[in-house]
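The next block holds one structure in the form of structure tokens; read it before the comments.
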Amino acid sequence: METPDYPLNPQQLEAVKQTEGPLMIFAGAGSGKTRTLTYRFAHIIQSKRAHPTEILAVTFTNKAAREMRERIVSITRIRARRLFVSTFHAFCLWMLRSYGDKGGIDPKFSILDDGDTKRLMNTIFKEMSINSRFLTPRRALWEIQHAKAHGIPPENYTYGSYDLIGKRISEIYEAYERHLKTLNAMDFSDLLLNAYRLLMHSPGTLAHFRQAFRYVMVDEYQDTNFIQYQIIKQLAWEHRNLCVVGDDDQSIYSWRGANKENIRLFHEDFPEATVIKLEQNYRSTKTILHCASHLIRHNSTRTEKTLWTENDTGDPVVLYEAGDEEDEARWVIEKIQDLSASGFPWHSFAVFYRTNAQSRVFEERLIRSGIPYQIFGGFKFYDRKEIKDLLAYLKCLVNPGDELAVRRAVAAPSRGIGKGTLDQIKTFSITHNLPFLEAMGKISEDPAFKMRKRVRPFYDWLMEIRSLTAEMEISEILEKIVKESGYLTPYEGSSDPRAQSIIENVQELISAVANYEEEADSPSLEEFLDLVSLMTDTDTLNETSGKVTLMTLHSAKGLEFPVVFITGLEEGLFPHERSLVDEGKVDEERRLFYVGITRSQKRLFLSFCRERYQYGRASFRPRSRFLRELPEDILQGTPKRKSASLHGSHSPFASTKLSTGATAPPNTRSEAGNNGNDFKVGEQVIHPVFGRGIIKVRELGNTHPKLLIHFEGIGLKLIYPKFVELTRI
DNA sequence: CCATCGACCCTTTTT
DNA sequence: GGGTCGATGG
Ligand SMILES: Nc1ncnc2c1ncn2[C@@H]1O[C@H](COP(=O)(O)OP(=O)(O)OP(=O)(O)O)[C@@H](O)[C@H]1O
């Protein structure tokens, strides 16, 4: 059967038709890679080459998976009971839960999130009495995650040539693994690593999966790590129907073990592979595309790609030099309002930044302006304390070995069972080789332990709930836990908005559970907890939500928006200072910028700040080197602003046209002014430009105090007395 | 045992 | 500026 009239160009169609044998689709941003992969999946079904469940497609995020699944269903009109389109993590988790017993894995294992692993590592450091400036828990975790991404077990761990520190980390790694085992838990990297081990140690399982998935496809291939590649390689090794899709210029996750080298490995392992290039960009204007291509050429190690578009030239890229982050946010929101007035709906806009910490100012401004927005990254709903507390109860019910969950549940709310008691239970569980919760059970019946009187009621209550899990809905169980534990009691009737929000969040959790039960085929507590563990907030992003989107550049991968703002283009922030030590790392930052630029369909706005508050202190940084790497002819500075808005155009920081090819111009601000410390709220002053005004707010800031001044006939302005000559009346 | 306060480290980026 | 952890006193 031939392809129906899929809306694809000839190269895309070629990739779709080439269903047999290894295939690499290698192409630049916005060239329809994901679209091609989706149609390829559909085509394999429609041409009856395989049953829908015999095709595996791996995506980068759950959201991408969900979208691809929906597209496939709408193209093929199949009734999809279970399509294997998911992230690596979700797929590996599924393998482990359903076939883990073949590799000696207890399928009820818990998944530890970042906070859990951090806390675990802290206790390990205490146990091993490690207190070093060079070896922090954070650092050890980082090393271990890296080792795991490369499939290195503790005994083989080495750290460069620094034997001493390497040996220490290897010991920590070993202890960490031991703890995970007693907890019957895995961290995120374990999901991949243990799935790989399962395949390698259980020939029957490997054979089964090789047969089960006759076609394998991977999106965002450039950001797969070593273990992920080994997994797909193993699955596809015999039938060799492996299609990978990627763009080396968009590799932005090497810091968490992603390995661009996988592109080369693919060619080595599958030398017969066909390579198809896609060269037409369907997403962006000519200007934006030119900007992106010009930038990325500054990277030394990359494969040159042709990328062209039939789209319009479009508007110039706009650069704004902001005084500080408040001014930057002010400018962004002003632009959003302008464009909104000319017909762009709120969800056309995305504001990107390098670090999550930068989001706050934008949020505040958006709230004040009454613009609806959605923010991703940083703090997740499921990271909130009240949510984690309640989920801990549910985890105890599933995995009695999960000491972390039990400890958390016991302490929320506090019920007279403290650290001493819990440590005794811990010791008992080790000496008697029992899961933590069972040790608690034994102790609560043993008269030798005085504290049993306090432990018993809690334990019995938990067991009672556990005995009900079979017959009750999950949401009912959760409600029972909330009610009978008295979790909300301290917050009820409180007028504190914080308490109010805790109650609301708990209610939201209950409805989330109920919602899950309604949607799922065969809901289970275990599956719900899995979904929560793997959920990221980008998964809840909605492109037609009628809201402005705020996110980091990393989260923006794979998305597209009509109007994009890339903010904080300062040396040390973007590229981040942690990357400056290493040319390769700066290249990755540049790719990140490339990814950001290429998310944009119609308009692109860039900005940087002269001054930015970090950790509450001011820092001055020159504009990002990346700005000098953009083509100067399409870049347009925003003309110097004339008063009119709430927060001021501090005249010394007027925007300038970008000057390329030279180092950033020196800071032109005058140091002549008063440093502001001797102005008081309520004082009247005269400003050289705005005239007579009264000081409303004095913000002491560390180095550069700010004054909020109300000027007659003009309104409120933010003034830096250090840079302007203010005269007292 | 637990609530509160202060010291300290922190910030890249996320499945 | 903020969140986490440990010391301290109730
Ligand atoms: N043949 C085509 N005809 C019309 N539109 C297309 C075609 N191919 C791709 N597009 C559109 O171009 C945009 C980019 O496609 P897609 O997201 O698949 O590209 P991509 O290569 O995966 O992008 P990136 O790697 O930058 O995330 C989408 O809006 C898609 O619908």
Side-chain angles (χ1 to χ4, degrees), chain A residues 58-65 86-93 111-115 117-119 122-123 125-126 131 133 136-139 142 145 148-149 186-193 220 223-225 227-228 251-258 325 352-361 376-380 383 385 410-423 451 454 490 530 533-539 551-557 568 572-581 585 588-589 591-593 595-596 612-619 699 701-702:
Chain A
V58 188
T59 60
F60 200 70
T61 61
N62 294 306
K63 173 173 177 287
S86 71
T87 61
F88 267 108
H89 292 264
F91 175 64
C92 290
L93 178 58
I111 303 167
L112 300 192
D113 64 25
D114 279 352
T117 55
K118 237 181 110 190
R119 243 162 287 137
N122 283 339
T123 51
F125 267 59
K126 243 172 279 160
N131 192 0
R133 220 156 48 81
T136 60
R138 239 179 83 73
R139 171 76 188 291
W142 170 266
Q145 299 312 321
K148 286 185 175 181
M186 295 191 192
D187 62 24
F188 279 118
S189 322
D190 283 335
L191 298 180
L192 308 175
L193 183 55
E220 305 283 12
D223 274 325
T224 51
N225 69 28
I227 287 295
Q228 291 169 331
S251 162
I252 54 175
Y253 281 95
S254 78
W255 52 273
R256 68 167 204 216
E325 69 271 28
F352 300 151
Y353 33 79
R354 179 66 236 276
T355 66
N356 285 304
Q358 289 163 252
S359 67
R360 222 197 64 245
V361 255
F376 301 94
F379 222 59
K380 286 180 277 186
D383 281 340
K385 180 172 182 307
V410 162
S414 50
R415 24 170 85 77
I417 305 173
K419 191 170 178 309
T421 307
L422 290 163
D423 286 349
M451 83 302 198
R454 255 173 292 166
D530 281 350
S533 298
L534 295 183
M535 177 135 55
T536 63
D537 39 14
T538 10
D539 298 334
M551 57 169 56
T552 62
L553 287 139
H554 280 90
S555 322
K557 175 166 164 145
L573 185 62
F574 191 23
H576 197 275
E577 55 196 344
R578 298 283 288 256
S579 73
L580 296 177
V581 288
K585 287 185 177 168
E588 180 152 313
E589 299 280 306
R591 290 195 291 272
L592 190 55
F593 190 22
V595 167
R612 177 182 294 279
Y613 281 79
Q614 257 180 335
Y615 308 115
R617 4 176 80 246
S619 69
E699 229 178 276
N702 299 342

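Per chain, numbering begins at 1; letters A, B, ... match sequence-line order. Basis for what follows: all heavy atoms, side chains included, without hydrogens, waters or symmetry-related copies.
When rounded to the nearest whole Å, the span between CD of A/Gln358 and C1' of B/dT13 equals 11 Å. What separates CG of A/Leu191 from P of B/dT14 is a distance of 19 Å, to the nearest Å. Between the P atom of B/dT11 and the CG atom of A/Leu573 lies a distance of 15 Å, rounded to the nearest Å. C/dT4 atom C1' lies 10 Å from atom CZ of A/Arg119, rounded to whole Å. Remark: C1' of B/dT15 and CG of A/Asn62 are 8 Å apart, rounded to the nearest angstrom. Across the protein-nucleic acid pair, A/Lys585 atom NZ and B/dT13 atom P stand 15 Å apart, rounded to whole Å. Computed from coordinates, the A/Arg256 CZ to B/dT14 C1' distance equals 5 Å when rounded to whole Å. Taking atom CG of A/Asn122 as the reference point, atom P of C/dG3 lies 17 Å away to the nearest angstrom.
Taking every side-chain heavy atom of A/Arg138 into account, B/dT11 is the closest of B/dT11, B/dT13, B/dT15. Checking B/dT15, B/dT13, B/dT11 against the side-chain heavy atoms of A/Thr87 singles out B/dT15 as nearest. Taking every side-chain heavy atom of A/Asn356 into account, B/dT13 is the closest of B/dT15, B/dT11, B/dT13. If you check B/dT15, B/dT11, B/dT13 against the side chain of A/Thr355, the one that comes closest is B/dT13. Of the candidates B/dT11, C/dC5, B/dT15, B/dT15 carries the atom nearest the A/Phe188 side chain, counting heavy atoms from C-beta on.
Contact annotation for A/Tyr253: backbone-only contact, meaning every heavy-atom pair under 4.0 Å involves sugar-phosphate atoms and none involves a base.
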Expected output check: what is the dot-bracket annotation of DNA chain C, where ( ) and [ ] are pairs inside the strand (brackets for crossing ones), | is paired with another strand, and pairs are Watson-Crick or G-U under 3.5 Å? .|||||||||
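Going from atom CG of A/Asp113 over to atom CG of A/Leu534 covers 11.5 Å, rounded to the nearest 0.5 Å. A/Tyr253 contributes atom OH, which lies 9.0 Å from atom CD of A/Glu220 (distance to the nearest 0.5 angstrom).
A residue-by-residue look at A/Lys118 and A/Thr552 shows that A/Lys118 has its nearest nucleotide of DNA chain B further toward the 5' end.
A/Asp223 contributes a side-chain N or O that, together with a main-chain N or O of A/Ile252, makes up a donor-acceptor pair within less than 3.5 Å. One N or O on the side chain of A/Gln358 and one on the backbone of A/Thr355 form a donor-acceptor pair closer than 3.5 Å.
An aromatic stack links A/Trp255 and the base of B/dT13, using centre distance under 5.5 Å and interplanar angle under 30°.
Between A/Leu580 and A/Pro575 there is a side-chain heavy-atom pair separated by less than 4.5 Å. A 4.5 Å side-chain heavy-atom check between A/Val595 and A/Leu553 finds every atom pair outside the cut-off.
Dashed line: the shortest gap from a side-chain N or O of A/Ser555 to OP1 or OP2 of B/dT14 is under 4.0 Å.
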Taking it one step at a time, do A/Glu588 and A/Trp255 satisfy side chain to side chain contact (heavy atoms under 4.5 Å, CB included)? CA-CA 9 Å; A/Glu588 180 152 313; A/Trp255 52 273; 3.3 Å; yes
